[in-house]
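Following: one structure in structure tokens, then a few remarks.
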Protein chains: 2
Amino acid sequence: MTSKQPTTRIRRSPEQVRAAVHQAVIDLLCDPQGEDLNIPAIAQRAGVNHTSVYRRWGNLDALLADTATTRLERDSPLNDTGTLRGDLLAWAEASVASMRTPEGRALVRAVMLSMPNSTQAKADRAQHFQRRMHSIEQIRRRATARGENPPPLEQILDQLIAPFYIRSIFGIDPPATGYPELLVDRLLGNGNGHRSGGASTAT
Amino acid sequence: MTSKQPTTRIRRSPEQVRAAVHQAVIDLLCDPQGEDLNIPAIAQRAGVNHTSVYRRWGNLDALLADTATTRLERDSPLNDTGTLRGDLLAWAEASVASMRTPEGRALVRAVMLSMPNSTQAKADRAQHFQRRMHSIEQIRRRATARGENPPPLEQILDQLIAPFYIRSIFGIDPPATGYPELLVDRLLGNGNGHRSGGASTAT
DNA sequence: CATCGTAAGCACAGATGTTTGCTTTGCAGC
DNA sequence: GCTGCAAAGCAAACATCTGTGCTTACGATG
């Protein structure tokens with residue numbers, strides 16, 4: 001009688017498992033002192049069986065991508081301020097605030113790590129990029145609808161988004177004050193390449 | 001008699017092994033269709049025993065970092081053009097050219113991948129950053145010695161280096177023509193935040 | 001020419017990651 | 001209530017990665 005007690009076998013709902021695993025990814029990405037990320041460790045931290053993780057996500061890249069997109073979409077409310085500059089500033093301020101938290105930096109790292117390995121080519125990365133740029137595209141669309149003339153996406157990528165990523169990668173803290181304004185002013189205020197629409201460039 | 005033929009055991013010199021392993025890292029980073037990078041695969045591709053790789057580099061991160069820094073330093077000759085703008089432009093042009101080759105993109109990915117995992121904190125990443133910024137610092141030093149007033153490193157990071165990285169990450173091709181000039185002009189020509197030497201802020 | 005140190009190669013063992021077959025749970029539809 | 005489905009849990013096999021002791025080749029030094 002090795003006393004198999006079938007009653008002790010409890011399980012959580014799929015949503016609970018999903019949330020717990022996502023949280024475990026973030027935690028391990030924030031905390032680890034030299035440990036590297038892998039599925040058994042994530043599953044243990046989340047308190048779920050590792051086979052559940054393997055069956056649901058298949059591999060680490062997919063799990064990282066899912067975690068990153070889920071959290072990033074949840075955390076970017078995308079409020080309408082009425083002007084292009086206001087929207088960009090709000091976006092940049094939210095990004096800077098996020099960058100100052102371990103969790104925010106972990107999410108950027110998750111985006112990075114999820115990308116390079118298994119994706120067969122540009123297709124996956126481009127799709128990933130589209131998802132990540134969704135809020136920016138919405139800001140641009142709204143500006144166009146208002147009659148403003150927003151910079152092209154590529155320029156926003158180069159001047160607004162790229163600095164956030166590079167700093168997260170290398171662990172360079174943003175300037176203590178005025179950094180969102182600085183980047184948005186550079187983006188909208190410079191005269192070469194693109195001229196932004198009219199009145200919103202007043203200081 | 002399983003015919004141990006001691007004569008067949010040939011070996012290459014340490015330098016040959018190092019070069020072969022570096023090349024294998026680049027190859028696997030360029031080519032793989034969904035395969036993920038690991039030491040046994042690298043060793044096999046390089047034609048060396050995997051134990052040699054483990055003993056020399058210890059782990060994948062260190063190998064990636066070594067490969068990236070070695071190749072990047074080898075491929076950035078750093079010629080002196082006589083002006084800050086010329087030096088930055090040369091640097092940017094070399095970077096764009098490198099970004100257009102699979103090997104160049106692989107090196108950027110190697111830098112990314114080598115960073116996040118085991119490094120215990122900011123210390124390692126900061127050091128890595130210093131090495132990567134070495135050529136830029138030299139350009140700034142030369143400009144200062146000439147009496148020019150180069151932008152601070154952070155601004156060069158945000159406006160010149162960050163775009164290259166972000167595009168490599170997401171696989172976004174740079175504009176076909178004029179991209180280096182565009183970035184350098186934005187960097188040196190804008191009037192807010194930092195004023196570069198002289199009257200270059202004219203529109 | 002002999003000797004010695006360094007580093008690569010080999011075989012094998014241990015640890016870890018990944019996958020599979022099956023059982024059990026919770027929930028929805030009848 | 002009963003039944004069936006989807007998904008989580010469990011255990012064990014399977015594959016792969018990582019590390020160790022030892023042998024062997026190459027080059028430097030005397």
Side-chain angles (χ1 to χ4, degrees), chain A residues 1-25 28-29 32-67 70 110 113-114 116-118, chain B residues 1-25 28-29 32-67 70 113-114 116-119:
Chain A
M1 281 294 198
T2 48
S3 75
K4 298 197 169 199
Q5 301 170 350
T7 58
T8 57
R9 186 174 181 173
I10 52 173
R11 52 175 286 201
R12 282 171 290 179
S13 70
E15 298 79 36
Q16 284 176 316
V17 167
R18 203 173 113 98
V21 170
H22 282 174
Q23 188 59 48
V25 169
L28 290 178
L29 227 38
Q33 51 265 31
E35 303 302 317
D36 59 307
L37 203 63
N38 53 39
I39 290 185
I42 293 167
Q44 184 177 4
R45 169 114 195 175
V48 307
N49 198 283
H50 63 271
T51 56
S52 302
V53 178
Y54 279 112
R55 282 208 234 261
R56 188 195 275 250
W57 284 279
N59 58 22
L60 186 59
D61 288 355
L63 171 55
L64 287 172
D66 184 49
T67 303
T70 302
L113 291 175
S114 71
N117 297 338
S118 66
Chain B
M1 336 194 264
T2 48
S3 75
K4 299 193 170 205
Q5 302 171 350
T7 59
T8 57
R9 188 172 179 173
I10 53 173
R11 52 177 288 199
R12 283 172 288 179
S13 70
E15 298 78 36
Q16 285 176 315
V17 167
R18 204 173 114 97
V21 170
H22 283 173
Q23 188 59 48
V25 169
L28 290 178
L29 228 37
Q33 52 265 28
E35 303 301 319
D36 58 309
L37 204 62
N38 51 41
I39 290 185
I42 293 167
Q44 184 177 4
R45 169 114 195 177
V48 307
N49 198 284
H50 64 272
T51 56
S52 302
V53 178
Y54 280 112
R55 282 208 237 259
R56 187 194 277 250
W57 285 280
N59 58 22
L60 186 59
D61 288 355
L63 171 55
L64 287 172
D66 184 49
T67 303
T70 302
L113 292 174
S114 70
N117 296 338
S118 64
T119 68

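All heavy atoms count here, side chains included; hydrogens, waters and symmetry mates do not. To find a chain, count down the sequence lines: A is the first, B the second, and so on, and within it residues start at 1.
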* **Dot-bracket notation for DNA chain D, counting Watson-Crick and G-U pairs under 3.5 Å, with | for partners on another strand** => ||||||||||||||||||||||||||||||
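Each of C:dG9, C:dA7, D:dA8 was ranked by its minimum atom distance to the side chain of A:Arg56; first place goes to D:dA8. Closest to the B:Thr51 side chain, of the nucleotides C:dT20, D:dG19, D:dA8, is D:dG19. Of the candidates C:dA7, C:dG21, C:dC10, C:dC10 carries the atom nearest the B:Asn49 side chain, counting heavy atoms from C-beta on.
If you take CD of B:Gln44 and P of C:dC10, they are 13 Å apart, rounded to a whole angstrom. The interatomic distance linking A:Arg55 (CZ) with C:dT20 (P) rounds to 8 Å, in whole Å.
When each of A:Val17, A:Val48, A:Asn59 is checked for a side chain to side chain contact (heavy atoms under 4.5 Å, CB included) with A:Val53, only A:Val48 meets the rule.
Distance check, rounded to the nearest 0.5 Å: CG of A:Leu113 to CG of B:Leu113 gives 7.5 Å. Of the inter-residue distances, the one linking B:Thr51 atom OG1 with B:Ile39 atom CD1 reads 11.0 Å to the nearest 0.5 angstrom.
Taking each heavy atom of A:Ala62 and A:Trp57 in turn, the nearest pair found is CB-O, 3.4 Å. Scanning all heavy atoms of the two residues, the minimum distance from B:Leu64 to B:Ser114 falls at CB-CB, 3.7 Å. Here the shortest heavy-atom pairing between A:Leu37 and A:Leu60 reads O-CD2, 3.7 Å.
OP1 or OP2 of C:dG9 lies within a sub-4.0 Å distance of a side-chain N or O belonging to B:Ser52. Between A:Arg12 and D:dA8, a side-chain N or O to OP1/OP2 separation shorter than 4.0 Å is absent.
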Protein and nucleotides 14-18 of chain C: nitrogen or oxygen contacts under 3.5 angstrom:
residue : atom : partner : partner atom : Å
C:dG17  : OP1  : A:Asn38 : ND2          : 2.2
C:dT18  : OP2  : A:Tyr54 : OH           : 2.4
C:dT18  : O5'  : A:Tyr54 : OH           : 3.0

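Under the 3.5 Å distance criterion, the side-chain polar atoms of A:Arg12 are left unmatched by any main-chain donor or acceptor of A:Ala20.
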* Can you check side-chain contact (heavy atoms from CB on, under 4.5 Å) on A:Asp66 and A:His22, steps first, answer last? -> CA-CA 8 Å; A:Asp66 184 49; A:His22 282 174; 2.8 Å; yes
